[in-house]
Amino acid sequence: MRKPLVVALCALALAGAGATPAVAAAPSPTGADTTTGTAPATSSLTDVVNDTVGAVADTLSGLTAPKAGAVNFAGTVSLSNCSGSVVRMPDSAASDPALVLTNGHCLESGFPAPGQVLTDRASSRTFGLLNASGAKVATLRADRLVYATMTDTDAAIYRLNTTYAQIKSAYGIDPLTLSGSRPAAGTAISVVSGYWKRIYNCSVDGFAYRLKEGDWTWKDSVRYTSACDTIGGTSGSPVVDDATGQVVAVNNTGNEDGGRCTVNNPCEVDENGGVTVRQGINYAQQTYPFTACFTTGNRLDLSASGCTVPKP
C-alpha cells in the first residue's frame with residue numbers, strides 16, 4: 001500500500017527544500033490518516049500541515065512530473081495521505097451528490113480488516129479539488145463514507161455535500177466517468193496523482209488472478225507495464241483509459257523490495273496457487289464493478305442486479 005511520509009515532507013518545507021525529490025517521495029509502509037471531525041471555523045493545524053505538504057509536493061512535481069497528452073488533472077483530488085478523484089457513474093445526473101473515489105487503505109479510520117466492508121458511515125473528510133493544470137481550486141467536503149473495503153478490491157467511495165452541477169458552476173470542472181467495461185491488456189493508461197500533481201503514462205500489462213499483500217487479497221488486479229513507477233502518495237489515483245478518458249481502475253500498490261506477499265511487496269497468485277513476484281511492478285484495482293451498484297441519485301444498492309462487489 002502506497003502512502004507518503006508526511007513528516008519528511010514537513011521537514012523539507014521547514015528546511016527550504018534542500019533534499020532531492022527521491023528522498024521526499026519515499027513511500028511509507030503502513031499507517032493511516034487520522035483526520036476526523038467537522039470543519040473548523042478557521043484553519044486547523046492539520047489544514048496548515050496539509051497545505052504545507054501540498055506546497056512541497058507542487059514544488060517537487062514541477063521538477064519531476066512527466067507531461068501527459070489529453071489526460072490532465074481536472075477532477076482529481078488530493079487527500080491528506082493519498083490521491084483520489086471526483087467520479088460519476090455512467091448514469092449519474094448533474095443534480096446528484098458528487099462522489100469521490102480513492103483506496104480503502106486511505107480511510108481516515110485506518111485499514112479495513114480482511115473481510116470487512118464499511119457502508120454508510122458519517123464522514124467530514126476534505127479533498128483538494130484540482131483543475132486541469134494541477135492547481136488546487138477548492139476544498140470539497142464529504143458528508144458520508146458510502147463504501148469501503150480492502151477485500152477482493154481496495155476502494156473507498158465518499159459522498160460529497162455538493163452536487164456535480166454545483167462543482168461545475170463554481171469551478172468549471174466536470175467529474176471523471178467510471179467505465180462500465182473491463183479494461184483490456186495493452187490499453188494505454190494514465191495514473192493521475194492529485195497528491196503529487198504527477199501523471200504516469202504506461203499500458204495495462206495484464207491481470208493478476210489474485211494479488212496478495214500481507215493479510216489482504218485482491219481479485220483480477222490490473223498490472224502496469226514498468227513505466228508507471230508509482231510512489232507513496234499515489235494510492236487512490238484514478239487510472240484513466242487514454243482513448244476514452246474514463247476511469248478503469250484505482251491505483252493501489254506495488255512490489256518495492258522483491259518481498260514475497262508481504263506489506264508493500266504484493267505477489268501474484270495464479271489459479272493453481274503458483275506465486276510470482278515482480279519487483280518494481282505496480283498494480284491497480286478495477287472499478288467497473290461499481291457501476292452496477294449505484295442507482296438513481298447516486299444511491300448505493302448492493303442488492304442491485306449485476307452488483308458483485310463485496311458486501312457486509
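- We find that Glu268 and Arg210 are not joined by a salt bridge, their nearest charged nitrogen and carboxylate oxygen being 4.0 Å or further apart.
- In this structure, the side chains of Lys136 and Leu129 stay at 4.5 Å or more apart for every pair of heavy atoms.
- Contact of the Ile167 side chain with the Leu140 side chain is registered, since non-hydrogen atoms from C-beta on lie closer than 4.5 Å.
- Evaluation of the ring-ring contact (aromatic ring centres under 6.0 Å, His included) rule for Tyr147 yields Phe290 as partners, not counting sequence neighbours.
- Residues Ile173 and Asn131 have side chains in contact (heavy-atom distance under 4.5 Å, counting atoms from C-beta outward).
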Evaluation steps, ring pair (Phe, Tyr, Trp, His ring centres under 6.0 Å), between Tyr200 and Tyr224: CA-CA 10 Å; Tyr200 300 81; Tyr224 306 145; 8.8 Å; no

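- Distance CZ/Arg141 to OG/Ser123: 9.0 Å, rounded to 0.5 Å.
- For the pair Asn103 (side chain) and Asn251 (backbone), a donor-acceptor distance under 3.5 Å is present.
- Contact of the Ser80 side chain with the Arg125 side chain is registered, since non-hydrogen atoms from C-beta on lie closer than 4.5 Å.
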List the steps and the verdict of side-chain hydrogen bond (donor to acceptor under 3.5 Å, both in side chains) for Asp143 and Asn161. CA-CA 6 Å; Asp143 59 18; Asn161 59 9; 6.0 Å; no

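- Residues Pro183 and Gln286 have side chains in contact (heavy-atom distance under 4.5 Å, counting atoms from C-beta outward).
- Put simply, CH2 on Trp196 and OG on Ser237 are 11.5 Å apart, with the number rounded to the nearest 0.5 Å.
- Side-chain contact between Leu101 and Leu178 is present, with at least one heavy-atom pair separated by less than 4.5 Å.
- Contact check for Leu107 versus Pro112: side-chain heavy atoms found under the 4.5 Å cut-off.
- Ser203 places a side-chain heavy atom less than 4.5 Å from the side chain of Thr225.
- A pairwise comparison of heavy atoms in Asn298 and Pro97 identifies ND2-O, 2.9 Å as the closest pair.
- Looking at every heavy atom in both residues, Cys228 comes nearest to Val191 through SG-CG2, 3.9 Å.
- Note on residues 162-183: pairs passing salt bridge (charged side-chain N to carboxylate O under 4.0 Å, His left out), not counting sequence neighbours, are Lys168-Asp174, Arg182-Asp220.
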Kindly indicate, with the supporting measurements, whether the criterion ring pair (Phe, Tyr, Trp, His ring centres under 6.0 Å) is fulfilled by Phe111 and Trp216. CA-CA 10 Å; Phe111 294 0; Trp216 294 273; 5.6 Å; yes

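- Looking at Thr149, its side chain does come within 3.5 Å of a backbone N or O of Thr151 through a donor-acceptor pair.
- Minimum heavy-atom separation, Arg88 to Tyr164: CA-OH, 3.3 Å.
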Go through the steps to decide whether Asn252 and Gln285 satisfy the test side-chain hydrogen bond (donor to acceptor under 3.5 Å, both in side chains), and finish with yes or no. CA-CA 7 Å; Asn252 79 308; Gln285 302 309 309; 3.1 Å; yes

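- With respect to Leu211, the side chain to side chain contact (heavy atoms under 4.5 Å, CB included) criterion is satisfied by exactly one of Thr217, Val222, Val269, Thr253: Thr253.
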